[in-house]
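For reference, the structure is listed below as structure tokens.
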Amino acid sequence: MQSSSSRLLLCSSKPNSLFGSAVTPTLPSSLRFPPLSLTIPNSTSSSIRLRSLRSSVTEMASQDQDPRIARISSAIRVIPDFPKPGIMFQDITTLLLDTKAFKDTIDLFVERYRDQNISVVAGVEARGFIFGPPIALAIGAKFVPMRKPKKLPGEVISEEYSLEYGTDKIEMHVGAVQPGERALVIDDLIATGGTLCAAIKLLERVEVTVVECACVIELPELKGRERLGDRSLFVLVEAEGA
């Protein structure tokens, strides 16, 4: 992917860790060999977030452990200066054209959530409608569309959220979910996080437990995960550019 960036986070509690510094073993003189140095580069082609499913911080799928992530990343097209100058648009339509990469995307989410007792997959308009339904079917959950105002025909409940200039709303049908259900909120991308926050608040108002938010792409520069607070977020690809 043209604009993807990734980091390998390796942690050790020992001061003289292998990670980030050179280590030279010391042997008896009779068994001494030329010095051996092991170094770990500061950046690699992988990204690992070592946290549990219910962690309060962002989690990212590991490219080292699963080659499907690289295939997904390379299938996403980046279009500069769209829809306005300075924007690096992450175009997932090319991912949808690649049947293998699209299937990999769905499979990764399904593998993560299949055994989490999730009964609701809430998809955020509009591209959450692409990824949500196949995930819901595979894990045995219902799909609930979270729509923009005046798009749903029945009685709705809504949640307002702030934009850079003004406000917007997200809505769902009254009765679509029941108190006590467990939900996954899904969208294609997290930028500022405003829409995901509104979706979470809307579900929690009707006493639904939001297990996690999941996105294909994250734009970390826009700090959307910070806006989510202690809500858990899982992403497959981390991209650069607003």
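These values consider heavy atoms only, across backbone and side chains, with no hydrogens, waters or symmetry-generated copies. All residue numbers refer to positions in the sequence shown, counting from 1. Note that this is a predicted model, so its numbers are computed, not measured.
With sequence neighbours left out, Glu111 forms a side-chain hydrogen bond (donor to acceptor under 3.5 Å, both in side chains) with Arg68. Residues forming a side chain to side chain contact (heavy atoms under 4.5 Å, CB included) with Thr105 (at least two apart in sequence, or on another chain): Ile72, Leu95, Phe109, Phe131, Val216, Leu236. Scored by the side chain to side chain contact (heavy atoms under 4.5 Å, CB included) test, Thr209 finds Arg182 as partners (sequence neighbours excluded). Under the rule for a salt bridge (Lys or Arg N to Asp or Glu O under 4.0 Å), Arg114 has no partner lying at least two apart in sequence or in another chain. Legend: residues meeting salt bridge (Lys or Arg N to Asp or Glu O under 4.0 Å) with Asp188, ordered by chain and number and at least two apart, are Arg127. Taking the side-chain hydrogen bond (donor to acceptor under 3.5 Å, both in side chains) definition, one finds that Thr192 meets it with nothing, sequence neighbours left out. Annotation: side-chain hydrogen bond (donor to acceptor under 3.5 Å, both in side chains) contacts of Lys142 (sequence neighbours excluded): Glu181. Remark: Arg227 engages no residue in a salt bridge (Lys or Arg N to Asp or Glu O under 4.0 Å) (not counting sequence neighbours). Scored by the side chain to side chain contact (heavy atoms under 4.5 Å, CB included) test, Ile79 finds Arg77, Phe82, Phe89, Asp91 as partners (sequence neighbours excluded).
Side-chain contact between Ile139 and Val110: present, with at least one pair of heavy atoms (C-beta onward) separated by less than 4.5 Å.
In terms of heavy atoms, Pro133 sits closest to Gly128 at CD-O, 4.1 Å. Minimum interatomic distance between Ala141 and Val121 (heavy atoms only, all atoms of both residues): CB-CG2, 4.1 Å. When every heavy atom of Leu184 is checked against every heavy atom of Ala214, the shortest pair comes out as CD1-CB, 3.9 Å. Across Val78 and Met88, no two heavy atoms sit closer than the pair CG1-CE, 3.6 Å.
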Only distances under 3.5 Å count here; give the side-chain donor-acceptor pairs of residues 143-161 to other protein atoms, sequence neighbours excluded, each with its distance to 0.1 Å.
residue, atom, partner, partner atom, Å
Arg147, NE, Glu125, OE1, 3.1
Arg147, NH2, Glu125, OE2, 3.1
Glu159, OE1, Arg205, NH1, 2.9

Under 3.5 Å, which donor-acceptor pairs do the side chains of residues 195-204 form with other protein atoms, sequence neighbours left out?
residue, atom, partner, partner atom, Å
Glu204, OE1, Arg231, NH2, 2.9
Glu204, OE2, Arg231, NH1, 3.0
Glu204, OE2, Arg231, NH2, 2.7

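Going from atom CG of Asp66 over to atom CG of Leu108 covers 5.0 Å, rounded to the nearest 0.5 Å. For the atom pair CG of Asp98 and CG of Asp104, the computed distance is 8.0 Å after rounding to the nearest 0.5 Å. With values rounded to the nearest 0.5 angstrom, Phe102 atom CZ is found 12.0 Å from Thr94 atom OG1. The structure places CD of Gln116 at 8.0 Å from CD of Glu212, a figure rounded to the nearest 0.5 Å. Taking CG of Leu233 as the start and CD of Glu218 as the end, the distance is 5.5 Å to the nearest 0.5 Å.
Applying the under-4.5 Å side-chain rule to Ile, Leu, Val, Met, Phe, Trp and Tyr, the cluster around Leu97 consists of that residue alone.
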Going through the distances and angles, do Ile106 and Ile135 end up as a side-chain contact (heavy atoms from CB on, under 4.5 Å)? CA-CA 6 Å; Ile106 301 302; Ile135 295 170; 4.2 Å; yes

Evaluate side-chain contact (heavy atoms from CB on, under 4.5 Å) for Asp187 paired with Cys215, printing each intermediate quantity in order. CA-CA 5 Å; Asp187 204 354; Cys215 296; 4.2 Å; yes

Please test Met172 against Val206 for side-chain contact (heavy atoms from CB on, under 4.5 Å), starting from the C-alpha separation and ending with a verdict. CA-CA 11 Å; Met172 71 176 177; Val206 291; 3.7 Å; yes

